[in-house]
Amino acid sequence: MPKDAAQFGEVVMLAVSWTLIDDVLAQAGPLDGRIVIDTTNQFGHGGWEDLGGRTAAQINAARMPGARYTKAFNTLTSGFQAQAAGRTGADRVVMFLCGDDEEAKRVVAGLIDDAGFTPVAMGGTADAAAMEAPRRPGAVYGEELHEQEARAFVANLRST
Ligand SMILES: NC(=O)c1ccc[n+]([C@@H]2O[C@H](COP(=O)([O-])OP(=O)(O)OC[C@H]3O[C@@H](n4cnc5c(N)ncnc54)[C@H](OP(=O)(O)O)[C@@H]3O)[C@@H](O)[C@H]2O)c1
């Protein structure tokens, strides 16, 4: 149950449909001090949601004030993640993450590494658009990237 997970875990993963987030956060109760990994994508009842210029990460971080919000594991399908986890060398797949709490991001980067991917930080929640749906040119959502090209992508994003 969401409340058990929120009370038990130092790190809590939010992995539910976009349309259920408010309900599930209400079930979970306060997440103050908890590191949250948000895996969600903004697919609503009518398709991809228009977020009005904010990122989905900014919207969700604001829904859980007090939580140490991060976003990761959202850019690749679960089936692909299961199949690609643990690759080595140049084949190791990148998992992007973002968040405004640097220490929380360090913890989550470690978990991403443990899960078998190379963590690459996109930046803060305001920088998350490129790792958010839909799949499109100039974004990394839905793309398999490896470390060098992922780091080049982020460096290019920061320079523009
Ligand atoms: N699937 C993917 O490939 C993928 C990849 C990247 C990101 N995402 C994103 O990750 C999120 C989760 O995706 P998913 O495919 O895992 O979704 P999902 O199969 O619809 O459901 C995930 C979880 O939601 C829980 N849930 C459903 N209704 C609930 C309720 N009323 N209260 C509390 N929990 C409830 C389910 O718990 P029970 O098992 O206990 O019913 C289930 O564990 C989505 O936002 C999606 O866009 C998905």
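Keep in mind the model is a prediction, meaning the values are calculated, not measured. We count ligands from 1, going down the list as the structure has it; atoms in each ligand are counted the same way.
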* Asked: Under 3.5 Å, is there a donor-acceptor pair between the side chain of Lys3 and the main chain of Ala28?
  -> no

* Phe80 heavy atom under 4.0 Å from ligand 1 -> no

* Asked: Do Ile37 and Phe73 touch side chain to side chain, with heavy atoms closer than 4.5 Å?
  -> yes

* Between Arg63 and Trp18, is NZ or CZ placed under 6.0 angstrom from the six-membered ring centre and within 45° of the ring axis? -> yes

* Asked: Which heavy atom of the protein is the closest neighbour of atom 23 (C) of ligand 1, given with residue, atom name and distance?
  -> Ala15 O, 3.4 Å

* atom 13 (O) of ligand 1 touched by protein heavy atom at under 4.0 Å -> no

* Structure fact -> Of all protein heavy atoms, the one nearest atom 48 (C) of ligand 1 is Asn41 ND2, 4.8 Å

* Between Thr77 and ligand 1, is there a nitrogen or oxygen pair with a distance under 3.5 Å? -> no

* To do: Check whether any N or O atom of Leu76, backbone or side chain, sits under 3.5 Å from an N or O atom of ligand 1, and answer yes or no.
  => no

* **4.0 Å protein heavy-atom contact status of atom 19 (O) of ligand 1, strictly under** => no

* Heavy-atom distance from atom 8 (N) of ligand 1 to the protein below 4.0 Å? -> yes

* So, for atom 1 (N) of ligand 1, does the protein have a heavy atom nearer than 4.0 Å? -> yes

* Asked: Do Asp101 and Thr70 meet the criterion of a side-chain donor-acceptor pair at a distance under 3.5 Å?
  -> no

* Asked: Between Asp38 and Tyr69, does any side-chain donor sit less than 3.5 Å from a side-chain acceptor?
  -> yes

* To do: Would you check if His45 and Thr19 make a side-chain contact, meaning some heavy-atom pair closer than 4.5 Å?
  => yes

* To do: Hey, could you give me the CG/CG distance between Leu25 and Leu31, rounded to the nearest 0.5 Å?
  => 6.5 Å

* **Nearest protein heavy atom with distance in Å, relative to atom 25 (C) of ligand 1** => Val16 CG1, 3.9 Å

* Asked: Is there a side-chain contact between Val154 and Met122, using heavy atoms and a 4.5 Å cut-off?
  -> yes

* Asked: Is the closest protein non-hydrogen atom to atom 27 (C) of ligand 1 under 4.0 Å?
  -> yes

* To do: Indicate yes or no: at least one non-hydrogen side-chain atom of Arg34 is less than 4.5 angstrom from one of Glu10.
  => no

* To do: Distance to 0.1 Å, residue and atom name: give those for the protein heavy atom nearest to atom 31 (N) of ligand 1.
  => Asp23 OD2, 3.8 Å

* To do: Take atom CD of Gln148 as the centre, draw a 6.0 Å sphere, and report whether it contains more than 12 heavy atoms from other residues, nucleotides or ligands.
  => no

* Kindly state if atom 45 (O) of ligand 1 has a protein heavy atom within a strict 4.0 Å cut-off, that is, under 4.0 Å? => yes

* What atoms in ligand 1 come closer than 4.0 Å to a heavy atom of Val24? -> 32 (N), 33 (C), 34 (N)

* Asked: Hey, does Asn74 come in under 3.5 Å of ligand 1, counting only N/O atoms on both sides?
  -> no

* Relative to atom 30 (C) of ligand 1, which among Met1, Met13, Gln27 owns the nearest non-hydrogen atom? -> Gln27

* **N/O separation below 3.5 Å, Ser78 to ligand 1** => yes

* Do Asp100 and Thr125 have a side chain donor and acceptor closer than 3.5 Å? -> yes

* Nearest protein heavy-atom contact for atom 29 (C) of ligand 1: which residue, which atom, what distance? -> Leu20 CD1, 3.7 Å

* Closest contact, heavy atoms only, Glu149 versus Glu144 -> OE2-O, 4.3 Å

* Hey, is ligand 1 close enough to Thr39 that some N/O pair sits below 3.5 Å? -> yes

